[in-house]
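Here is the structure we will look at.
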Amino acid sequence: MTTGTRPRLRFAPSPTGYLHVGGARTALFNWLYARKFGGEFLLRIEDTDKARSTDESTRAIFEGMEWLGLLWDDGVVYQGANLARHQADAKKLLDSGAAYRCFCTPAELDTRRREAESRKEAFKYDRRCERLPREEVERRVAAGEPYVVRFRVPEGTTEWDDMVHERIAFPNKDIEDFVILRSDGTPIYNLAVVSDDIAMRITIVMRGDDHISNTPKQILLYRALGASLPTFAHLPMIHGLDGKKLSKRHGATAVGDYQHYGLLPGALLNFLALLGWSPGGDREIMTIPEMVELFSVDGLQKKAAIFDPQKLEWMNGQHLSMIPLEELEPRVTPAIVTARLATEEELVERRDWYLRLLDLLRVRSRTIDDIVRQAGPYFLEDIEYDPVAVAKSWKDPAEASALLRATREALAKVPDWQTEPLETSLRTLAESRGITAGKVFQPLRVALTGLMVSPGIFEMLIQMGRDLSLKRIDKALTALDG
RNA sequence: GGCGCUAUCGUCUAGGGGACUAGGACGGGGCCCUCUCAAGGCCCAAACACGGGUUCGAAUCCCGUUAGCGCUACCA
């Protein structure tokens, strides 16, 4: 264990897809730990599987991390660039006798594995190449026969104190002599990881608990390489609603999906943090700085958590209402522009009005898209009338028309377009007609927005302004009378 | 199959031997507020997997059972 020095952690995704929410959560915990305890958070791209790694995936990972605000210290480490060191480490192990050459071919291994399975036995490499005479090994190497390098697993037990779990122990007899270098000379995961983590001076390896069974192998490698061990922390998995490991068939699993769906990064992070960690007590809604402040290893969960999209949406709604309008604005504006409701310039021109609108709409929204969906009537020249709204609130066209006409007259006479006088005017109108105020408001709502639901009627009148409000009523009258 | 990890409401969790009639949140149901929808407030239903111990006393500690999940490649 390294103590006294600043902790160094890393997030090490393989670029074989998108940035997965599970990966994002692993990154988050690493990042939180580094921020909380004054350490370094590094990013390493594990691209040694050339068949599956793509530049596009690498870019997606960067984008996802940046959007989430999980920024890394120092430059990105590309594992593929460290081939020479990986090979040198393998050579070191070969020279010290900690590893040996194995000439068994994949086909042979496969056959033996199948045989073992058909006998219902656990397959484990039988070490037949381990005791090959030196002369034979040299002869076969000289003859150009392909070979892999295998690690010679010693006797005993390999164990460690996990930060999340307690002590975890594996009898070495259950670990086979695993391959560390392929026949083409490239490293296998466990070697590459250990070699890089040593080189990067990583002190805490925090990752998904699907790596628990790799850990004893890696510990053995650290020892054989003469390096000191990092502290291991194995985080629980995230499962889908069916209890299985989260995958594509569970729907949206990429961080980018949620970005496009209109979520706030702070909300996604808050939700992910609570999936596998608790600050203790009843605390739920947290900003990123608050999460850093509250973070501790004690609150880390051992049990896999199920990803519940409903709670995520609720949480996003909370964040939407909570963050400063100035912070919300730049996240909504691109969506407004994309929806062709307004140009960025128009929004800048009417900034105060625009911020007030956002404030009106966000309380009844769970996503940024919800806000955009409600924003139409405030920007567009023409609105569409929702058939259901028309059927319900303009049930009798003649009656609705008469009422709206009276409403228009009353509103037109209001000298000061403010809540108080507007409210007095409409309530007086209702009273004089012997109907409840709601009976006046609802047809007006449909005239103004074309919809059944909206913010409060006076808030809307003010937000739309006198001219647009009256114009909307005129158009409604045309539609009703026509 | 072998090895490993895990086990509190449907879900996320609080709880770290007596404060538990097991608390909060999402979701569900009801009520209030109210011009609609939200938001908010109040209330209801809903859990310690099972079996043994340890102890005066277990959701909390130990051991089994069961179940779920993960790993079991010349993938990462």
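Proteins get letters first, then strands, A, B, ... in listed order; numbering begins at 1 in each.
- Atom CG of A/L235 is separated from atom P of B/C5 by 17 Å (rounded to the nearest Å).
- Residues A/T215 and A/R207 bring a donor and an acceptor atom of their side chains to less than 3.5 Å of each other.
- For A/S213, the listed nucleotide lying nearest its side chain is B/C71; candidates were B/A76, B/C71, B/C35.
- Pairing for B/U11 is with B/A25, a Watson-Crick or G-U wobble pair whose two hydrogen-bonding atom distances lie under 3.5 Å.
- Here the nucleotide nearest the side chain of A/F170, chosen from B/C12, B/G4, B/A14, is B/G4.
- Using N1 to N3 plus N6-O4 or O6-N4 for Watson-Crick, or N1-O2 and O6-N3 for G-U wobble, each under 3.5 Å, B/C50 pairs with B/G64.
- Distance noted for atom P between B/C26 and B/C42: 11 Å (whole Å).
- Backbone-only contact: A/A305 has heavy atoms under 4.0 Å from sugar-phosphate atoms and none from a base.
- Across all strands shown, A/G276 has heavy atoms under 4.0 Å from sugar-phosphate atoms exclusively, and none from any base.
- Using a 4.0 Å heavy-atom distance criterion, A/K124 is classed as making no nucleic acid contact.
- The side chain of A/R283 contributes no N or O atom lying less than 4.0 Å from OP1 or OP2 of B/A25.
- With the nearest nucleotide of RNA chain B identified for both A/P187 and A/R167, A/R167 has the one nearer the 5' end.
- In this entry the distance linking CE of A/M237 with P of B/G4 reads 19 Å, nearest Å.
- Between A/D162 and A/A233 the shortest heavy-atom distance is OD1-CA, 3.6 Å.
- As a whole-Å value, the separation of A/D197 CG from B/A76 C1' is 13 Å.
- Atom P of nucleotide B/C5 and atom CG of A/D174 are separated by 12 Å, given to the nearest angstrom.
- B/G40 and B/U34 have their C1' atoms separated by 12 Å, with the value rounded to a whole Å.
- Residue A/S454 places no side-chain atom within donor-acceptor reach of the base of B/C37, judged by atom type and a 3.5 Å distance cut-off alone.
- Taking only side-chain atoms of A/R366, from C-beta outward, the nucleotide of B/A39, B/U13, B/A76 with the closest atom is B/A39.
- Considering only the side chain of A/R364, B/U36 comes nearest among B/G10, B/G2, B/U36.
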Pair A/R182-A/T48, side chain to side chain donor-acceptor pair (under 3.5 Å): steps then yes or no: CA-CA 11 Å; A/R182 296 186 183 89; A/T48 51; 5.5 Å; no

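- Pairing partner, B/C35: none, since no Watson-Crick or wobble contact has both distances short of 3.5 Å.
- We find that NE2 of A/H165 is positioned 5 Å from P of B/U6, with the value rounded to whole Å.
- Rounded to whole Å, the C1' atom of B/A45 lies 16 Å from the corresponding atom of B/U11.
- Of the candidate nucleotides B/G27, B/G1, B/A76, B/G27 has the atom nearest to the side chain of A/W314.
- Here A/N214 lies in heavy-atom contact (under 4.0 Å) with a base.
- For the pair A/R101 and A/Y147, the cation-pi criterion (under 6.0 Å, within 45° of the ring axis) is fulfilled.
- At the phosphate of B/A76, OP1 or OP2 sits under 4.0 Å from a side-chain N or O atom of A/T48.
- Across all strands shown, A/P236 has no heavy atoms under 4.0 Å from either base or sugar-phosphate atoms.
- Here B/G24 is the nucleotide among B/U6, B/G24, B/A76 with the atom lying nearest to any side-chain atom of A/E284.
- Taking the centre of each ring, A/F178 and A/Y125 stay at or above the 6.0 Å mark.
- The side chain of A/K311 has B/A25 as its nearest neighbour among B/C75, B/U8, B/A25.
- Between the CG atom of A/D308 and the C1' atom of B/G10 there is a distance of 9 Å, rounded to whole Å.
- Residues A/E313 and A/T367 bring no donor and acceptor atom of their side chains to less than 3.5 Å of each other.
- For B/G4, the paired base is B/C69 (Watson-Crick or G-U wobble, both distances below 3.5 Å).
- Nucleotide B/G17 forms no Watson-Crick or G-U wobble pair with any nucleotide shown, as no partner meets the under 3.5 Å limit on both distances.
- Side-chain atoms of A/T158 and A/N172 include a donor-acceptor pair closer than 3.5 Å.
- With both ends at atom P, the span from B/G30 to B/A38 equals 13 Å, rounded to whole Å.
- As rounded to the nearest Å, B/A58 and B/G68 have C1' atoms that lie 25 Å from one another.
- Between the P atom of B/C71 and the CD atom of A/Q218 lies a distance of 15 Å, rounded to the nearest Å.
- Base engagement by A/T105 is indicated by at least one non-hydrogen atom pair under 4.0 Å involving a base atom.
- Set against B/C74, B/C71, B/A14, the side chain of A/K245 has B/C71 as its closest nucleotide.
- OP1 and OP2 of B/C71 both lie 4.0 Å or more from every side-chain N or O belonging to A/H211.
- Within the 4.0 Å cut-off from OP1 or OP2 of B/A14, at least one side-chain nitrogen or oxygen of A/Q301 is found.
- Among the atoms of the strands shown, none is found under 4.0 Å from any heavy atom of A/E159.
- If you check every strand for non-hydrogen atoms under 4.0 Å, A/V148 touches a base.
- A/G243 comes within contact range of the sugar-phosphate backbone alone, with a heavy-atom separation under 4.0 Å but no base atom that close.
- Within the 4.0 angstrom heavy-atom criterion, no nucleotide atom of any strand lies near A/F178.
- Per the geometry, CD1 belonging to A/I212 stands 7 Å off C1' belonging to B/G4, to the nearest Å.
- Residue A/K439 is out of contact with every strand shown, counting any heavy-atom pair closer than 4.0 Å.
- Comparing B/C69, B/C37, B/C74 by their closest approach to the side chain of A/R182 singles out B/C74.
- Checking B/C37, B/G4, B/C12 against every side-chain atom of A/L274, the shortest atom distance belongs to B/C12.
- Within the structure, a side-chain polar atom (N or O) of A/K244 is placed less than 4.0 Å from OP1 or OP2 of B/C69.
- Between A/K303 and A/L312, the residue anchored closer to the 5' end of RNA chain B is A/K303, taking for each the nucleotide with the nearest heavy atom.
- Taking the six-membered ring for Trp, A/F441 and A/F458 have ring centres closer than 6.0 Å.
- Looking at A/R112 and A/E108, a side-chain N of the basic residue comes within less than 4.0 Å of a carboxylate O on the acidic one, giving a salt bridge.
- Residue contacts shown for A/E117 are absent, as no nucleic acid heavy atom lies under 4.0 Å away.
- Across the C1' atoms, B/G51 and B/A7 are found 15 Å apart, a figure rounded to whole Å.
- Comparing B/G23 with B/C44, their P atoms sit 11 Å apart, to the nearest whole Å.
- Taking atom P in both B/A39 and B/G27, the straight-line distance is 8 Å, to the nearest Å.
- Aromatic pair A/H211/A/Y189: ring centres closer than 6.0 Å.
- Here A/R113 reaches the OP1 or OP2 of B/C74: one of its side-chain N or O atoms lies under 4.0 Å away.
- Base pairing of B/C42: its partner is B/G30, meeting the Watson-Crick or G-U wobble criterion (both donor-acceptor distances under 3.5 Å).
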